[in-house]
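Since we're looking at a predicted model, the values are computed, not measured.
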Amino acid sequence: MSETGLRERKRRRMYRTVSDTAIRLFLERGFDAVSVAEVAAAAGISKPTLFRYFPAKEDLVLFRIADHEGEAARVAGEGPSPVEALRRHFLDGLERCDPVTGLNDDPGVLAFHALLYGTPALAARLHGHLERSEEALAGALGGGLDGRLAAGQIVAVRRILAQENWRRIAAGERVEDVRGEAVAAAERAFGVLADALSRLHVTVTR
């Protein structure tokens, strides 16, 4: 492996280590009760070094889902149509119990989602993540008003489906009891999307 590749691996490992350390502390004591200085000390780095990796405290948590920002834009070009590609991708995620779909009862995943959705500062930061995902998808769909309209609807459907699955699992329902209805809801939602977006001028740019 090249020296550049080794540096990148080391950098990514540092991101992951610091983020995991922060999330562990936040889950134990609450997001607002833990300072950035405490996270840095627990991770064995200085506070200035931490801020070089994570400009804001909220980024310590959002790092775990940052890789998903461009996911919808990438997936949109992998099928006969953007909606069909994204439908297949979401259904596959339900089958695999991908945490992004909300259909996952692992205690660590449930705790992370409770932290994310239950902390106002993190929920606000999550909105920025969704906006960037929407912007990337709009670009993949050709841009313009129609591209933005399509992207906004798609991102909203994926978010609402995932949050409903998470809400039910967090309330104590079993994954296997929720899965059938989650699949049916996704099929309905993407069916409505396909019909609505057929009226827009959307072309996937690769």
Side-chain angles (χ1 to χ4, degrees), residues 19-20 23 26-27 61-120 122-138 140-141 147-200 202 204:
S19 175
D20 287 349
I23 290 170
F26 296 152
L27 290 175
V61 177
L62 270 294
F63 170 77
R64 187 169 287 187
I65 63 172
D67 288 345
H68 292 285
E69 280 189 10
E71 183 178 74
R74 173 182 57 78
V75 172
E78 296 179 352
S81 71
V83 173
E84 177 59 17
L86 289 161
R87 182 189 74 84
R88 292 177 183 177
H89 183 262
F90 195 86
L91 292 174
D92 180 63
L94 291 175
E95 180 64 27
R96 294 183 288 104
C97 291
D98 188 331
V100 173
T101 68
L103 191 69
N104 188 296
D105 59 2
D106 180 271
V109 172
L110 289 174
F112 175 78
H113 283 157
L115 172 70
L116 184 61
Y117 296 128
T119 306
L122 293 175
R125 196 74 168 188
L126 177 61
H127 181 71
H129 162 81
L130 293 172
E131 284 187 330
R132 289 187 294 273
S133 179
E134 184 178 313
E135 182 179 358
L137 179 57
L141 298 179
R148 295 199 302 276
L149 287 170
Q153 293 178 66
I154 291 169
V155 169
V157 162
R158 283 159 48 99
R159 174 182 59 81
I160 292 168
L161 289 171
Q163 286 185 337
E164 175 62 12
N165 293 337
W166 170 74
R167 182 192 65 78
R168 293 182 63 179
I169 298 298
E173 295 188 59
R174 299 189 311 158
V175 164
E176 291 310 314
D177 292 336
V178 175
R179 188 191 305 276
E181 292 181 25
V183 169
E187 292 281 21
R188 287 197 309 275
F190 280 98
V192 171
L193 273 179
D195 181 59
L197 300 191
S198 67
R199 297 173 173 81
L200 299 176
V202 171
V204 177

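Of the possible donor and acceptor atoms, one in the side chain of Arg199 sits under 3.5 Å from a partner among the backbone N and O of Asp195.
Using a 4.5 Å heavy-atom cutoff, the side chains of Val100 and Ile65 are not in contact. Side-chain contact between Asn104 and Trp166 is absent, with no heavy atoms from C-beta onward closer than 4.5 Å. Residues His89 and Arg158 have side chains in contact (heavy-atom distance under 4.5 Å, counting atoms from C-beta outward). Using a 4.5 Å cut-off on side-chain heavy atoms (C-beta onward), Gln163 and Arg167 make no contact. Between Asn165 and Leu94, some side-chain heavy-atom pair lies under the 4.5 Å cut-off. In this structure the side chain of Leu200 reaches within 4.5 angstrom of the side chain of Leu197, judged on heavy atoms. Residues Phe112 and Asp106 are not in side-chain contact: their nearest non-hydrogen atoms beyond the backbone lie 4.5 Å or more apart. Ile23 places none of its side-chain heavy atoms less than 4.5 Å from the side chain of Phe63.
Here the shortest heavy-atom pairing between Ala151 and Leu141 reads N-CD1, 4.1 Å. Closest approach of Ala85 and Val75 over heavy atoms only: CB-O, 3.2 Å. Looking at every heavy atom in both residues, Ala76 comes nearest to Leu137 through CB-CD1, 3.9 Å. When all heavy atoms are compared, the tightest approach of Val175 to Cys97 is CG1-SG, 3.8 Å. Between Ser19 and Arg64, the shortest heavy-atom contact is OG-N, 4.5 Å. Of all non-hydrogen atoms in Ala73 and Ala136, the two that sit nearest each other are CB-O, 3.5 Å.
Here the straight-line distance linking atom CD of Glu95 with atom CZ of Arg88 works out to 15.5 Å at 0.5 Å rounding. Atom-to-atom distance recorded for Leu86:CG and Ile154:CD1 is 5.5 Å, nearest 0.5 angstrom. Atoms CZ and NE2, on Arg74 and His68 in that order, are 9.5 Å from each other to the nearest 0.5 Å. How far OG1 of Thr101 is from CG of Asp92: 10.0 Å, rounded to the nearest 0.5 Å. Rounded to the nearest 0.5 Å, atoms CD (Glu176) and CG (Leu103) are 8.0 Å apart. Gln153 contributes atom CD, which lies 10.0 Å from atom CD of Glu134 (distance to the nearest 0.5 angstrom).
For CD of Glu135, the number of neighbouring non-hydrogen atoms (other residues, nucleotides, ligands) closer than 6.0 Å is 12 at most.
The pair Glu187-Arg87 meets the salt-bridge criterion, with a side-chain N (NZ, NE, NH1 or NH2) lying under 4.0 Å from an Asp/Glu carboxylate O.
Between Phe90 and Phe190, the two ring planes are tilted [angle within 30° to 60°].
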